[in-house]
Amino acid sequence: MATSTMPLTPEDLLPSKGSAGKTEELEEDTEEEEDELDETLAERLWGLTEMFPERLRSAAGATFDVSFSVAQKMYRFSRAALWIGTTSFMILVLPVVFETEKLQMEQQQQLQQRQILLGPNTGLSGGMSSALPSLSGKI
């Protein structure tokens with residue numbers, strides 16, 4: 001317990017002579033890791049741009065700017081076109097579809113009523129004309 005209360009001297013902090021090689025390797029490893037951690041990916045990429053000529057860098061930047069601008073305009077146009085197309089479909093086409101479906105349902109109900117009133121064969125043959133006997137030659 002007496003050693004923990006006494007302050008350490010610089011000699012106590014230094015490693016012993018036998019482990020000096022190992023600590024130097026550890027110090028080099030930690031220095032490399034610190035160097036790697038100091039530089040971010042963005043900084044590395046920015047540093048790599050220096051190996052290209054200024055003309056190429058400016059052309060690449062201009063190309064990126066134009067591409068980004070075109071992509072934004074295409075996105076805005078497609079959004080507007082989708083809105084116009086969807087609302088036009090809802091206003092112009094859906095009422096026609098609903099009315100057609102309503103008409104088909106009414107025809108189906110009339111056909112079922114005829115089948116119930118006049119028998120099962122009348123619905124297929126087209127209605128009441130087949131249910132009445134023919135009057136050929138009696139007039």
Side-chain angles (χ1 to χ4, degrees):
M1 293 270 174
T3 58
S4 64
T5 58
M6 292 182 63
L8 296 174
T9 63
E11 289 83 21
D12 293 337
L13 294 174
L14 291 174
S16 63
K17 301 269 185 198
S19 64
K22 291 181 182 176
T23 56
E24 288 177 7
E25 289 177 13
L26 290 175
E27 287 176 5
E28 289 176 9
D29 289 341
T30 55
E31 286 177 10
E32 288 177 9
E33 289 176 5
E34 288 175 3
D35 289 341
E36 290 176 4
L37 295 177
D38 290 343
E39 188 176 37
T40 64
L41 179 62
E43 290 171 342
R44 280 191 180 197
L45 291 174
W46 187 258
L48 287 174
T49 60
E50 293 176 357
M51 66 185 219
F52 297 107
E54 178 63 33
R55 191 170 167 192
L56 179 65
R57 285 186 284 176
S58 63
T63 303
F64 175 77
D65 291 340
V66 168
S67 299
F68 188 72
S69 174
V70 167
Q72 279 183 330
K73 288 178 183 177
M74 289 297 295
Y75 172 71
R76 289 182 186 140
F77 173 76
S78 63
R79 227 175 46 182
L82 183 64
W83 174 255
I84 291 169
T86 303
T87 54
S88 298
F89 177 79
M90 287 181 172
I91 293 170
L92 299 173
V93 177
L94 281 182
V96 174
V97 170
F98 290 145
E99 287 298 318
T100 305
E101 186 69 26
K102 182 180 172 184
L103 183 63
Q104 287 178 352
M105 290 294 289
E106 289 175 358
Q107 289 176 351
Q108 189 72 20
Q109 286 177 351
Q110 288 177 356
L111 185 63
Q112 286 177 347
Q113 287 176 355
R114 284 183 190 159
Q115 286 178 349
I116 291 171
L117 292 175
L118 301 174
N121 291 334
T122 58
L124 298 175
S125 62
M128 299 189 48
S129 63
S130 63
L132 297 175
S134 63
L135 299 174
S136 60
K138 296 230 176 174
I139 299 185

| request: Any side chain to side chain donor-acceptor pair (under 3.5 Å) involving residues 52-78? Give me the pairs, sequence neighbours left out, ordered by first then second residue. | output: Glu54-Arg57
With a 3.5 Å cut-off and sequence neighbours excluded, list the donor-acceptor pairs that the side chains of residues 100-112 form with protein atoms.
unit_1	atom_1	unit_2	atom_2	d
Thr100	OG1	Val96	O	2.7

| message | Assigning hydrophobic clusters by single linkage (Ile, Leu, Val, Met, Phe, Trp, Tyr; side-chain heavy-atom cutoff under 4.5 Å), is Trp46 placed with Met51? | response | no
Can I get a per-line list of side-chain donor-acceptor pairs under 3.5 Å for residues 82-95, giving both atom names and the distance, sequence neighbours left out?
unit_1	atom_1	unit_2	atom_2	d
Thr86	OG1	Leu82	O	2.7
Thr87	OG1	Trp83	O	2.9
Thr87	OG1	Ile84	O	3.2
Ser88	OG	Ile84	O	2.8

